[in-house]
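All of these numbers come straight from a predicted model, not from anything done at the bench.
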Amino acid sequence: MNPPGYQTEAFPLQGERHDVLPGQPAGPTIVQYTTVNVTADPPKDHIIWSLCCFVYFNPLCLGLAALIYSFKARDRKVARDLEGARHYGATARCLNILSTLLAVVTILISITAVVVYVGKKKIMA
């Protein structure tokens with residue numbers, strides 16, 4: 001019932017019997033235990049976002065660095081080192097954010113420069 005690798009803890013419930021009148025001797029009480037397994041979500045490796053940053057938005061090779069950290073995060077997740085996977089995944093996420101922002105800013109500046117250049121060319125003509 002419990003997945004391998006998860007630690008189980010048992011907590012006793014109230015072992016009172018309600019079928020006996022007060023003041024009457026009670027028989028043996030039964031103690032019930034409930035097992036609660038709390039599983040944390042596995043850390044994200046952001047591999048799809050890293051692939052997109054590598055292929056489309058790759059200023060200063062940040063997309064490549066993000067892809068490498070995503071692969072490291074996936075390897076750590078397979079090796080069940082969740083803290084290492086969380087660390088590499090967070091680094092990949094930061095690199096992806098930086099890569100995406102630099103690419104979007106570069107695209108916006110390029111579009112603005114082309115519009116201004118074409119506008120000045122039409123005014124001079």
Side-chain angles (χ1 to χ4, degrees):
M1 180 120 184
N2 294 330
Y6 290 102
Q7 191 176 27
T8 60
E9 296 181 21
F11 296 99
L13 296 175
Q14 297 295 327
E16 296 183 28
R17 292 184 56 176
H18 297 287
D19 59 346
V20 183
L21 295 174
Q24 296 290 325
T29 59
I30 299 172
V31 178
Q32 297 177 349
Y33 292 95
T34 302
T35 302
V36 178
N37 291 330
V38 179
T39 58
D41 292 333
K44 296 185 179 185
D45 52 15
H46 306 286
I47 198 150
I48 302 298
W49 190 9
S50 298
L51 281 170
C52 290
C53 285
F54 176 66
V55 173
Y56 298 113
F57 314 124
N58 198 12
L60 306 174
C61 293
L62 290 174
L64 177 63
L67 188 62
I68 290 170
Y69 276 99
S70 293
F71 285 144
K72 285 183 177 185
R74 181 158 288 188
D75 290 343
R76 291 291 174 189
K77 192 171 16 173
V78 169
R80 296 192 188 274
D81 177 16
L82 297 182
E83 189 59 37
R86 194 171 289 115
H87 173 71
Y88 284 125
T91 304
R93 184 183 67 235
C94 290
L95 290 171
N96 283 326
I97 290 171
L98 189 58
S99 175
T100 303
L101 285 177
L102 283 175
V104 167
V105 167
T106 302
I107 290 170
L108 289 176
I109 289 174
S110 299
I111 290 173
T112 305
V114 167
V115 168
V116 168
Y117 178 73
V118 169
K120 282 186 178 181
K121 197 171 186 180
K122 283 186 178 182
I123 290 174
M124 292 186 164

Same cluster or not: Tyr56 versus Leu60, using hydrophobic residues (I, L, V, M, F, W, Y) connected whenever any side-chain heavy atoms lie under 4.5 Å apart? no
Point-to-point distance, once rounded to the nearest 0.5 Å, from OG of Ser70 to CG of Asp75: 11.0 Å
Any idea which heavy atoms bring Ala73 and Gly89 closest together, and the distance? CB-N, 3.6 Å
Please report the interatomic distance CG(Leu95) to CG(Leu64), rounded to the nearest 0.5 Å. 10.0 Å
State yes or no: do Phe54 and Ile48 share one hydrophobic cluster built from I, L, V, M, F, W and Y residues joined by side-chain heavy-atom distances below 4.5 Å, directly or via other members? yes
Under the salt bridge (charged side-chain N to carboxylate O under 4.0 Å, His left out) definition, can you give me all pairs with a residue in residues 100-111, not counting sequence neighbours? none
Here the ring-ring contact (aromatic ring centres under 6.0 Å, His included) pairs for residues 94-119, sequence neighbours left out, are none
Any non-hydrogen side-chain atom of Leu67 less than 4.5 Å from a side-chain atom of Cys53? no
Among pairs that include at least one residue of residues 59-104, which meet ring-ring contact (aromatic ring centres under 6.0 Å, His included), considering only residues two or more places apart or in two chains? Tyr69-Tyr88
Mind checking what makes salt bridge (Lys or Arg N to Asp or Glu O under 4.0 Å) contact with Lys77, not counting sequence neighbours? Asp45
Under the rule for side chain to side chain donor-acceptor pair (under 3.5 Å), what residues qualify as partners of Arg93, not counting sequence neighbours? none
With heavy-atom distances below 4.5 Å as the criterion, would you say the side chains of Lys121 and Ile123 are in contact? no
Nearest-0.5 Å distance, OG1 of residue Thr91 to NE2 of residue His46: 10.0 Å
Nearest heavy-atom pair of Ala92 and Ala66: which atoms, and what distance? CB-O, 3.7 Å
Identify all side-chain donor-acceptor contacts of residues 97-105 below 3.5 Å with residues at least two apart in sequence or on another chain.
residue : atom : partner : partner atom : Å
Ser99   : OG   : Phe57   : O            : 2.6
Thr100  : OG1  : Trp49   : NE1          : 3.3
Thr100  : OG1  : Asn96   : O            : 2.8

